[in-house]
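Report on one structure; see the data block that follows.
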Amino acid sequence: MKIVGRIALGLVAVPLVLLAVVLVRTFTYRPPAGLTASDVQVAAPIPVDLGRAARNLSAAIQIPTVRHQDRAQDQLAEWGRLHAFLQATYPAAHRAMSREVIDAQTLIYTWAGSDLTLAPIILMAHQDVVPVTPGTEGAWKHPPFAGVIAGGAVWGRGAIDDKGSLIGLMEAIETLSVRGFAPKRTVILVLGGDEEVQGSGAQAAARLLKARGVSAEFVLDEGLVILKDNPITGGKLAVIGTAEKGYATLKITARAAGGHSSAPPKDSGGVATLARAVTAIVDDQFPMAFRGPGADMLKAVAPEAGFPVKMAVANEWLFRPLLIGQVGATPPGAALLHTTIAPTMLKGSPKENVLPQDATAWINYRIAPGDTPDTVMSRAKSAVGDLPVTLAWNTPPASPSAVSSTSSRAWQVVSATAGAVSGAPVAPSLVTAATDSRWMQPAARDIYRFQPVELALADVQLIHGTNEHLTLRNLEKMVQFYGRLIVTAAG
Ligand SMILES: [Zn+2]
């Protein structure tokens, strides 16, 4: 009886102790130091001439600086028109800054600071846009290159990505220059001319700046935005990319004898071998891990989230599998936690009754921080085992970026300014696409990826999609953000 009683008491006590620990940790949870708190004093708002900004964004959209997959189709004279437009439209900014045109029509502006002992800051935007998919022109409410201002928005290709940032930067610098602001810290603008194809302009800019000895305090480029309805709390959240994923495409080739499909070989030929190889690779998914910038977002937002999320984050030691299961349940969430594997293209024989001599598949990977092109290749090789296929990179793969600090002064300045302009909590996260800023690593300590536009999750498809537009409220936020950031960081 005594022993049974003791066991019973033990059975009750252990869960009670556990519960107490979980609850105490939940109620005392604070995000890692610096992640959200900032004692930076953000500069006051600047005056914004929203009518002028809208007209200028409209004019920039009407200059079709479209980059094509086949570069021979690019109309390079349009970049010249855009450059002349910027010079004519922003005279005070052009008096304040020196200007260089480098590879791929890329612009570098330098606004020299008065204290050359301070590390410069680099602000980026790109001049080029993606084409409108042929056949979808009719689905646009307003023609994609007309720059129509209607219904409280500026409409057209590039309104958000990325002429909104380009014009936002120029409007802010024009206003600050006219008001006599002179930076203490040098401000460098890198305006890429070919971000949407390979970013050779940004690569050239990075080489040039590094050769000049530039080691910027930070780089700010496009990447993430202010989400109206973030999936964790349902409310507003300004998300700043502290890293971006790597990019690689694996080409898998199954060589076979070919021949007439009326007498196929025992293994059914190259296509069947290829299918086995693709399936083997896809079945061997990279494990999801609750770490890095993807996990940082949840850690930063947890205090604002409901009790279950807060409890799970505060007691990660106990609930890690649950957290991974929850975040990883949707494709965008899963993309934050691991390297993704996406088969995209297939090629067999040119005719239905011909066995192929080689069958080919392409698999696109987005490589999470922590993995490398080498770990991706060796995982694919071990997955296919001794299947008779060859694996090779389609083009040279890109590693994931370094992860930028969330405790540096640079982070505090950028996150505090994002918070002040958006009126929203701020969190770091991982950019699952690629930006020009990845090339800038040799010339900078920290790289942040953020555009101060407020978008619903469903609106993110406007970028590169149909009916891209920037609301005037968002345009105002852009100008405010860049202006206040320059004064806060460099004033
Ligand atoms: Zn872009």
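Both backbone and side-chain heavy atoms feed into the values below; hydrogens, waters and symmetry mates do not. As the structure lists them, so they are numbered: ligands from 1, and atoms in each ligand from 1.
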With a cut-off of 6.0 Å (strictly less than), are more than 12 heavy atoms of other residues, nucleotides or ligands near CD of Gln73?
yes
Asp194/Arg71 ion pair, N-O < 4.0 Å
yes
Answer yes when Arg81 and Glu78 have at least one side-chain N-carboxylate O distance shorter than 4.0 Å, and no when they do not.
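Between Glu78 and Arg81 there is a salt bridge, with a charged N closer than 4.0 Å to a carboxylate O.
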Reference residue Pro343; test side chain to side chain contact (heavy atoms under 4.5 Å, CB included); the match among Ile252, Ile281, Val278, Leu250
Val278
Taking N, O or S atoms only and a limit of 2.8 Å, check whether Asp162 reaches the Zn ion (ligand 1).
no
Return yes when at least one N/O/S atom of Glu196 is nearer than 2.8 Å to the Zn ion (ligand 1), and no when none is.
no
Which N, O or S atom of Asp161 lies nearest to the Zn ion (ligand 1), by name
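Result for Asp161 and the Zn ion (ligand 1): OD1.
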